[in-house]
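Notes for the one structure printed next.
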Amino acid sequence: MNKLLIATNNKGKVKELQYLLRDTGIELVTPSQINLELDVIEDGKTYAENATKKALTFANSSGMISLADDSGLEVDALDGAPGLYSARYSPKPNATDKDRRLYLLQNLQDKFRPWTARFHATIAIAIPDSLWSQSARRLELQELASALQIFEGICEGEIIPEERGTGGFGYDPIFLLSELGKTMAELSMEEKNRLSHRARAVMKAKPILRELTE
Ligand code: ITT
């Protein structure tokens, strides 16, 4: 059985992906468990390009099948910003999640509410070159690799001007799920992982992940 490397340096994502994949029976490995420190330059023009680059870099550095997530928050009043640049959205060097939330709210100050928005997650799965050379699995893997390995998930909501809740990470405290009347940060791990963008993308990826790792 092959292991699966969770190809991200974001601790919040690691926790969620571990939770989302806990029922697959796949042995999950984190970069810190194998002392793998990689800083992939995210210069793609789409989430899919960035997710693919991260998954391939981690896969070939570790020799393990790897799952990467590229995600972002798209705010309509800001023409879809911060989007692809969500992790870097602040004029401050070494900005924190809190700095990015404040910067977003600052940019929304003069815009009419509701500030409708959505989280977007793209999952990519990559097979390391070294696995291709194991002839016993080559044909099987080739077949799977030609299948779609990019999975998308979206979660709709609205940005609110004050922070609420302490769960999750990133923009969660200012992202309101309108029907629930709760921010993402007010949800339990179980609740967030039932309806988040990441949960939706991972759900679609599970069948191929099971085949790849069996
Ligand atoms: P990796 O590239 O190592 O996975 P990253 O944090 O740089 O980590 P991204 O480039 O995909 O990841 O940036 C996505 C950013 O979007 C992330 O840093 C958060 O600010 C935000 N984000 C994504 N998913 C989120 C979620 O579920 N809740 C809150 N914010 C989220």
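In this chain, residues are counted from 1 in sequence order. Just follow the structure's listing: the first ligand is 1, and inside any ligand the first atom is 1. Note that the structure is predicted; figures quoted are calculated from it, not measured.
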*Does the Arg100 side chain pair with the main chain of Ala87, one donor and one acceptor, at a distance under 3.5 Å?*
yes
*asked:* Under a 4.0 angstrom heavy-atom cut-off, which atoms of ligand 1 come close to Gly170?
replied: 29 (C), 30 (N)
_Below 4.0 Å, non-hydrogen atoms only: which portion of Phe175 touches ligand 1? Side chain, backbone, both or neither._
neither
_Test item, Leu73 contacting ligand 1 (heavy atom, 4.0 angstrom)_ = no
*Provide, to 0.1 Å, the distance between atom 6 (O) of ligand 1 and the closest protein heavy atom, together with that atom's residue and name.*
Asn10 ND2, 2.9 Å
*Answer yes when Glu152 and Lys204 have at least one side-chain N-carboxylate O distance shorter than 4.0 Å, and no when they do not.*
no
*asked:* Take a 6.0 Å sphere around CD of Glu37 and say whether it holds more than 12 heavy atoms from other residues, nucleotides or ligands.
replied: no
*Would you mind running through ligand 1 and noting each atom that sits below 4.0 Å from a heavy atom of Asp69?*
4 (O), 11 (O)
*asked:* Quick one, Glu191 with Lys182, criterion salt bridge (charged side-chain N to carboxylate O under 4.0 Å, His left out). Give me CA distance, side-chain angles, the key distance, then yes/no.
replied: CA-CA 11 Å; Glu191 283 173 313; Lys182 283 183 182 179; 3.5 Å; yes
*Look at Glu42 together with Lys54 and state whether they make a salt bridge at an N to O cut-off of under 4.0 Å.*
yes
*Determine, for Tyr19 and Arg22, whether the Lys NZ or Arg CZ falls below 6.0 Å from the six-membered ring centre while staying within 45 degrees of the axis.*
yes
*Which residue and non-hydrogen atom of the protein lie closest to atom 1 (P) of ligand 1, and at what distance in Å?*
Thr8 OG1, 3.4 Å
*Nitrogen or oxygen of Asn9 less than 3.5 angstrom from that of ligand 1*: yes
_Sub-4.0 Å atoms of ligand 1 with respect to non-hydrogen atoms of Asp70_ = 9 (P), 10 (O), 11 (O)
*Should you measure from each heavy atom of Glu42, which atoms of ligand 1 turn up under 4.0 Å away?*
2 (O), 7 (O), 10 (O)
*Please report which non-hydrogen protein atom sits nearest to atom 24 (N) of ligand 1, along with the residue it belongs to and the distance in Å to one decimal place.*
Arg198 NH2, 2.9 Å
*Under 3.5 Å, is there a donor-acceptor pair between the Asp76 and Thr116 side chains?*
yes
_Identity and separation of the nearest protein heavy atom to atom 18 (O) of ligand 1_ = Ala87 CB, 3.5 Å
*Ignoring hydrogens and geometry, is there a side-chain-to-backbone donor-acceptor pair from Ser86 to Gly83 under 3.5 Å?*
yes
*Evaluating non-hydrogen atoms only, which member of His120, Met184, Lys192, Lys11 is closest to atom 26 (C) of ligand 1?*
Lys192
*Applying a 4.0 Å heavy-atom criterion (strictly less than), which segment of Lys13 is in contact with ligand 1: side chain, backbone, both, or neither?*
side chain
*Which residue supplies the protein heavy atom nearest to atom 2 (O) of ligand 1, what is that atom called, and how far is it?*
Lys54 NZ, 2.7 Å
_Could you check whether any side-chain N or O of Asn60 sits under 3.5 Å from a backbone N or O of Thr57, counting only pairs where one atom can act as donor and the other as acceptor?_
no
*Run the salt bridge (charged side-chain N to carboxylate O under 4.0 Å, His left out) check on Lys53 and Asp70 step by step: do they pass?*
CA-CA 10 Å; Lys53 186 175 181 188; Asp70 200 60; over 6 Å; no
*Between CG of Leu102 and OG1 of Thr96, what distance do you get to the nearest 0.5 Å?*
7.5 Å
*asked:* Counting non-hydrogen protein atoms only, what is the nearest one to atom 16 (O) of ligand 1? Give residue, atom name and distance.
replied: Ser86 CB, 3.3 Å
*Any non-hydrogen atom of His197 lying under 4.0 Å from ligand 1?*
yes
_I need the nearest protein heavy-atom contact for atom 28 (N) of ligand 1: residue, atom name and distance, please._
Asp172 OD1, 2.6 Å
*Identity and distance of the protein heavy atom lying nearest atom 20 (O) of ligand 1*: Tyr171 CE1, 3.2 Å
